[in-house]
Amino acid sequence: MSMRILVLISGRGSNLAALVEAAHAQAWPAQVVGVISNRPQAAGLQWAQSHGLPTQVLDHQAFASREAFDAALLQACLAHRPDVVVLAGFMRVLGEAFVQHFEGRLINIHPSLLPAFTGLHTHRRALQAGVKVAGATAHYVTPRLDHGPVIAQAVVPVLPRDTEHSLADRVLRAEHQLLPLAVAWHVRGELQLHEGCVHHRQGAAQTLFFPDADLTPAMAVPQ
Ligand code: GAR
């Protein structure tokens, strides 16, 4: 039986696109069944619609409180009967009730090598800190922001003349391989959570290295 993947976005949707393409190309036992955005103008909504995916907007600004938004979002998500919920550039912090409801089946992509650089402006902060590698993390979501069990990480170099933009672009290309890999493992039942750590049952390396910075785009980034 095909697993139902629900994707939450806030913006461009390039990770959503990477996920949908991979699910199709790799014949996952799963499919993306819907996309929900908290921002009406999110470009990823158009991409989803043009690929025949049901979309919904739940504008967080229309809600009086974080709890009210979370409750409405939970109901909207449940309507899709998801087996797994993927946060693909979803820029709202989710409350404990929402997170607990989907415990063990809520996956986030974050543009840093967690636990370094939780929160916002990860690339700017990485450059300011002078680190020599950067990357992205796919992880299960727990109530503590950007701290859930790591499924996989992708590592890219930080180059001497990098700007926030060039580093973000390099990391994003890595994300387009990392997130589909993590979700594919999840839907195929290949992951095991043990004492707060995620292990791949067959011992696959949970690391992607792009040492030469010469990342070929996994796919075109939707504008
Ligand atoms: C991605 O870089 C993702 O890692 C980041 O937002 C971007 C969304 O791009 N997510 C976060 O910062 C979550 N804290 P996309 O809309 O093109 O997928």
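Order of listing sets the numbers, starting from 1, for every ligand and every atom in it.
- When the options His121, His110, Arg92 are ranked by their closest heavy atom to atom 14 (N) of ligand 1, first place goes to His110.
- When every heavy atom of His123 is checked against every heavy atom of Ala168, the shortest pair comes out as CD2-CB, 3.4 Å.
- Distances shorter than 4.0 angstrom occur between a heavy atom of Ile109 and an atom of ligand 1.
- Under the salt bridge (charged side-chain N to carboxylate O under 4.0 Å, His left out) criterion, no residue pair touches residues 68-86, with sequence neighbours excluded.
- The residue from Ser37, Ser112, Ser14 that puts a heavy atom closest to atom 17 (O) of ligand 1 is Ser14.
- At under 3.5 Å, a nitrogen or oxygen of Asn15, whether backbone or side chain, sits near a nitrogen or oxygen of ligand 1.
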Item checked: Pair His186-Tyr140, ring-ring contact (aromatic ring centres under 6.0 Å, His included): steps then yes or no -> CA-CA 10 Å; His186 178 90; Tyr140 285 117; 5.6 Å; yes
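- Remark: ligand 1 atoms within the under-4.0 Å shell around heavy atoms of Gly89 are 6 (O), 8 (C), 10 (N).
- Using cut-offs of 30° and 60° on the angle between ring planes, the pair Phe90 and Phe69 is parallel.
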Which side-chain N or O atoms in residues 158-165 pair as donor and acceptor under 3.5 Å with protein atoms at least two apart or in another chain?
unit_1	atom_1	unit_2	atom_2	d
Asp162	OD1	Ser166	OG	2.6
Asp162	OD1	Arg170	NH1	3.4
Asp162	OD1	Arg170	NH2	2.9
Asp162	OD2	Leu159	N	2.7
Asp162	OD2	Arg170	NH1	2.7
Thr163	OG1	His165	N	3.3
Thr163	OG1	Ser166	N	3.0
Thr163	OG1	Ser166	OG	3.4
Glu164	OE1	Arg124	NE	3.3

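- For Gly13, a nitrogen or oxygen atom sits less than 3.5 Å from a nitrogen or oxygen atom of ligand 1, counting backbone and side chain alike.
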